[in-house]
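Below, each value reflects all heavy atoms present in this structure, side chains not excepted, and no hydrogens, waters or symmetry copies. Below, chains carry the letters A, B, ... as their sequence lines are ordered, and counting in each starts from 1. Bear in mind the structure is a predicted one, so any value in this text is a computation, not a measurement.
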Amino acid sequence: MPAKRSSIADRLLAWYDVQARALPWRALPGTPAPDPYRVWLSEIMLQQTTVATVRPKFAAFTERWPDFAAFAAADDAEVMAAWAGLGYYARARNLIACARAVVADHGGRLPDTEAELRALPGIGDYTAAAIAAIAFGRRAVAVDANVERVVARLFAIRESLPAARGAIRQAAGSITPDARAGDLWQAMMDLGQAICTPRAPKCLLCPLAQDCDGRATGAPETFPVKAPKRVGPQRYGTIFWLERGREVLLVRRAPKGLLGGMRALPTGPWEAAPPGLAAAPADTDWELRNATISHVFTHFRLICALAVARGGAHETAGEWWPIDRLDEAGLPTLFLKAARAVRREG
DNA sequence: TAAGCGTGGCG
DNA sequence: TCGCCAAGCTT
């Protein structure tokens with residue numbers, strides 16, 4: 001390995017030995033490797049999700065389901081409800097499927113090779129490499145958004161994403177040490193979170209400043225170059241609040257697609273124009289409220305009207321849920337916003 | 001390859 | 001207020 005390449009790993013690992021963040025799923029340098037179950041769970045939770053958001057959910061999940069056997073035996077609805085608020089709900093569905101595959105096909109233990117990990121539900125290239133390196137000490141190359149940014153800057157890679165992925169991956173491989181690869185990637189994540197940040201990197205604090213071609217250009221923040229993002233459309237919908245006594249009607253959304261498998265308030269279609277009372281869950285006197293609920297999803301912005309009906313017994317498909325225990329239903333954020341609006345307006 | 005898929009924080 | 005961004009995966 002060229003001298004510059006090996007010195008990057010050495011410098012970063014030395015920095016990590018001193019600066020590593022203490023995290024509930026992480027073994028600090030010099031301590032035994034962490035429980036693969038905890039590494040797996042944390043890696044899935046951390047996909048596109050910040051450490052601050054994951055912390056309390058990780059604590060709740062590991063307390064309730066401490067290992068693969070417990071998780072594989074969990075009730076689907078309980079897992080989905082526990083995941084509520086984390087977003088990207090396919091992760092929760094895949095989590096269940098993965099735990100059951102681990103128990104059924106791997107004797108209750110996570111396999112320790114990248115290829116076998118990659119074959120499990122919800123585990124892609126990055127997560128397979130991260131688990132192999134962090135939990136099993138393999139020399140795997142785990143390229144997440146942090147590593148992508150740090151490496152693109154270190155080597156001043158001018159090709160734009162996503163086309164640059166190949167070059168970045170190759171550069172990352174070139175600095176991967178035979179030992180402590182897992183620590184190197186975790187170090188890059190800490191570095192990317194605290195120092196090599198997207199907008200205004202703190203190069204004066206960076207242990208790799210002397211190695212960094214991007215810094216040498218005078219504009220490290222311009223790496224990696226990204227293709228312009230397409231702006232999402234605006235869509236309109238209606239959220240239905242149907243009360244019976246002190247209960248409200250909830251439904252279970254279709255198993256796949258947006259908010260798939262989650263408990264929810266009934267909604268109509270989400271379209272380019274406000275759908276009004278189309279697809280109402282009951283034929284009754286709906287009161288359309290003035291308040292609207294706006295919510296931003298990854299690829300579109302949603303503005304929902306709120307339709308409220310109270311009193312009388314309605315024959316509807318769904319689940320009547322106590323209003324004063326709505327926080328236990330595991331509703332995605334969109335519906336929590338609607339519930340708050342109803343509470344506000346009475 | 002590109003699109004679909006949540007949410008909260010930050011500048 | 002708004003756009004960007006985050007320990008990505010699936011189809």
Give the rounded distance in Å between these two atoms: CG of A/Asn94 and C1' of C/dC9. 8 Å
With sugar-phosphate meaning primed atoms plus P, OP1 and OP2, does A/Gly85 contact a base, only sugar-phosphate, or nothing at under 4.0 Å between heavy atoms? sugar-phosphate
Counting just side-chain N and O atoms, does A/Tyr88 come under 4.0 Å of either OP1 or OP2 of B/dG4? no
Assign A/Leu23 to base, sugar-phosphate, or nothing according to its heavy-atom contacts below 4.0 angstrom with the strands shown. base
Nucleotide nearest A/Pro198 (side chain, heavy atoms from C-beta), chosen from B/dA2, C/dA6, B/dC5: C/dA6
For A/Lys256 and C/dC9, what is the distance between atoms NZ and P respectively, to the nearest whole Å? 17 Å
A/Val147 near the nucleic acid: base, sugar-phosphate alone, or nothing, with a heavy-atom cut-off under 4.0 Å? nothing
A/Ala194 backbone acceptor or donor facing A/Thr197 side chain under 3.5 Å: no
Sorted by number, the residues of residues 35-49 of chain A with heavy-atom contact under 4.0 Å to DNA chain B: A/Gln48, A/Thr49
Looking at every non-hydrogen atom in both residues, tell me the closest pair between A/Ile239 and A/Cys304 and how far apart they are. CG1-SG, 3.8 Å
Please give the distance between the P atoms of B/dG8 and C/dC9 as a whole number of Å. 22 Å
Nearest-0.5 Å distance that lies between atom NZ in A/Lys226 and atom CG in A/Leu161: 6.5 Å
Closest of C/dA7, C/dG3, C/dT10 to the A/Arg199 side chain is C/dG3
Thinking salt bridges, do A/Asp76 and A/Arg252 make one under a 4.0 Å N-O criterion? no
When we call it a touch if two heavy atoms are under 4.0 Å apart, what does A/Trp25 touch: a base, just sugar-phosphate, or nothing? base
Rounding to the closest angstrom, what is the interatomic distance between B/dC5 and C/dA7 at atom P? 23 Å
Is the phosphate of B/dG8, meaning OP1 or OP2, less than 4.0 Å from a side-chain N or O of A/Thr53? no
For A/Ala145, which contact category applies under a 4.0 Å heavy-atom criterion: base, sugar-phosphate, or nothing? sugar-phosphate
Closest to the side chain of A/Phe297, out of C/dA6, B/dG6, B/dG8, is B/dG6
Of the candidates C/dA6, B/dC5, B/dT7, the side chain of A/Phe300 sits closest to B/dC5
Counting side-chain heavy atoms from CB outward, which of B/dC5, C/dG3, C/dC5 is closest to A/Arg301? C/dG3
Whole-Å gap separating P (C/dC9) and OH (A/Tyr126): 8 Å
OP1 or OP2 of C/dA7 versus the side-chain N and O atoms of A/Thr127: is any pair under 4.0 Å? no
Gap between atom CZ of A/Arg138 and atom OG1 of A/Thr176 - 0.5 Å precision: 15.0 Å
Interatomic distance, A/Asp190 CG vs C/dA6 P [rounded to whole Å]: 15 Å
Between B/dG6, C/dT10, C/dA7, which nucleotide has the shortest distance from any of its atoms to the side chain of A/Arg118? C/dT10
Using OP1 and OP2 only, check whether a side-chain N or O of A/His299 sits under 4.0 Å from B/dG4. no
Does a side-chain N-to-carboxylate-O contact under 4.0 Å join A/Asp213 and A/Arg158? no
Whether the A/Arg91 and A/Asn94 side chains hold a donor-acceptor pair (N or O, under 3.5 Å, no angle test) is what I'd like checked. no
Atom CZ of A/Arg235 to atom P of B/dC5: distance rounded to whole Å? 8 Å
Rounded distance (Å) that lies between atom P of C/dG8 and atom CG of A/Leu161: 13 Å
Of the listed nucleotides (B/dT7, C/dA7, B/dA2), which one gets closest to any side-chain atom of A/Pro162? B/dA2
Under 4.0 Å from OP1 or OP2 of B/dG6: is there any side-chain N or O of A/His295 that close? no
Give a yes/no on whether any side-chain N or O of A/Arg149 is located under 4.0 angstrom from OP1 or OP2 of C/dC4. no
Atom CZ of A/Arg55 and atom P of B/dT7 are separated, to the nearest Å, by 22 Å
For A/Arg180, is there an ion pair with A/Asp183 - N to carboxylate O distance below 4.0 angstrom? yes
Rounded to the nearest Å, what distance is computed from the CZ atom of residue A/Arg91 to the P atom of nucleotide C/dG8? 9 Å
Cationic N near anionic O, under 4.0 Å, A/Asp125 to A/Arg165: no
